Amino acid sequence: MRVEPPRRLRGTITVPGDKSVSHRALLLAGLAAGRSYLGGCSDAADVDATRRLLGLVGVTVVDRGPGQVSVLGTGRGRWRAPDHPIDCANSGSTMRMGAGALAGHATVARLDGDASLRARPMARIAHVLEPLGAVVRCDGVDGRPPLEVRGRHPLRGGCTVRPPVASAQLKTAVLLAGISADGPVTVEEEVATRDHTERLLPLAGVPCTVGGGGPGRVTVTPAEPQPFGLRVPGDLSSAAPFLALAAAHPDAELRCPGVGLNPLRTGLLDVLAAMGAAAAIEPAAVPAGGEPVGEVMVRSSRLRATSVGGGIIPRAIDELPLVAVLATQAQGRTVITGAAELRVKESDRVEAIALGLRAMGAVVETAPDGLEVVGPVRLIGARVSARGDHRIAMALAVAACLADGASEIEGAEAVSVSYPGFFAALAAVCG
Ligand code: S3P
């Protein structure tokens, strides 16, 4: 993809439905006995992988219009054994959260994926599901996929699971499994991660309590999930590249209406504020599907460096490559720490963003758990690689829009993993 830096950016971007919420809503609807309806469902390739998983276990998912999907679930414990391995493609969410949903079925399922997914750590999913009595085998080297999930129904309840890393995917896997246990199941996190599943379970009539011994403590009480209707909010992570671009570009004003403003997802908005960005957030009066939503507007800003670490990391995890891009345009040294997880995402995002930004003239140092960027620098258009990673492709597209001269992004088609219309939306606001 060739990207020419725009002189001016104006407009409103309507982003696709939230990918995290879409995966969860589809899986939960598949566990409910009857027909659920989703509006604003994500059109991401990752979400297609979850739909594929559901098709293989006997759940019928039908498109009813753009973003509108009906899901005919079987009821908990009634998924059939898939007759061939489930191809999760690039989607860690499908593999990990899907494993959780599969665990409560007396079936054996194999889950596999592309080269990127095959390089991602999965022993952690065995670690959190085995206390419930499921058997999860990682057949790749060193706890990597393919995965074999040997479930049972009901699972063993009455346990407390402590995920080895702060990961909403792991927490969700346990909660989805917990629906099919014979007693309550608790997850205890050291750092709170996105709570979309906790918000969805009560919509399907499954009791779920948060707190009671710490903010990161969640208990699901097993129950038969009921079909539900849900309007999925816009994906703040898909709006994020536009918000970052507007802040760093000298002549920009962009609006993203209808985006999810779940406080456990809004880390980038806090980082933008700390960097001095001119951003306005207008919460909508009515939440969508149990999630706060609203409009975010960002304008050209003079940015200053900041430090990003601790509890904000899971709240901004997918936006950290964008923080690195912003840092190239900010006065001072921006430091990101405590983000070792970034190295085991769809690519090693610490190296991937550092390599791309350095090729464009940025000053970036990497560390095992983060990176440091000194700014401001004039980025120069260059040939860079997305390394097969959708978030890196979008972050480099933002950098390219801020650079002098054209850039070429190799592997830019990776954006379809979360936002197939990203480059069309970018072209539209670039005039
Ligand atoms: C996600 C959680 C995060 C995030 C991923 C989506 C989710 O992963 O990076 O893109 O929907 O729960 P981890 O939970 O592994 O940190």
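Both counts, for ligands and for their atoms, begin at 1 and track the order of listing. Quick caveat: nothing in here was measured; it's all calculated off a predicted structure. Residue numbers run from 1 in the order of the sequence given.
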Of all protein heavy atoms, the one nearest atom 15 (O) of ligand 1 is S167 OG, 3.1 Å
Identity and separation of the nearest protein heavy atom to atom 10 (O) of ligand 1: D318 OD2, 2.8 Å
May I ask you to check if ligand 1 and [X] share an N or O to N or O distance below 3.5 Å?
X    : answer
S20  : yes
K345 : yes
R391 : no

Would you indicate whether R150, at its atom CZ, is surrounded by more than 12 heavy atoms from other residues, nucleotides or ligands within a distance under 6.0 Å? no
Distance filter under 4.0 Å to R96 heavy atoms, resulting ligand 1 atoms: 15 (O)
Where ligand 1 meets A168 - atom numbers and elements under 4.0 angstrom, heavy-atom basis: 12 (O), 14 (O)
Quick test of your reading of the model: are [X] and [Y] salt-bridged, counting only N-O distances below 4.0 Å?
X    : Y   : value
R51  : D63 : yes
E291 : R24 : no
D318 : K19 : no

What part of R194 sits under 4.0 Å from ligand 1 if we count only heavy atoms: the side chain, the backbone, both or neither? side chain
With a 4.0 Å heavy-atom cut-off (strictly under), which part of R24 contacts ligand 1: side chain, backbone, both or neither? side chain
Minimum-distance pair of heavy atoms, taken over all atoms of V206 and I179: CG1-CG1, 4.2 Å
With the threshold set at under 4.0 angstrom, would you say [X] reaches ligand 1 through any of its heavy atoms?
X    : value
K171 : no
H196 : no
T172 : no

Please evaluate residues L254 and L243 with respect to the criterion side chain to side chain contact (heavy atoms under 4.5 Å, CB included), reporting the C-alpha separation (whole Å), side-chain torsions for both, the decisive distance (0.1 Å), and the verdict. CA-CA 7 Å; L254 295 177; L243 304 176; 5.8 Å; no
To the nearest 0.5 Å, how far apart are CD in E224 and OG in S180? 8.0 Å
From D114 CG over to D87 CG, what is the distance, rounded to the nearest 0.5 angstrom? 8.0 Å
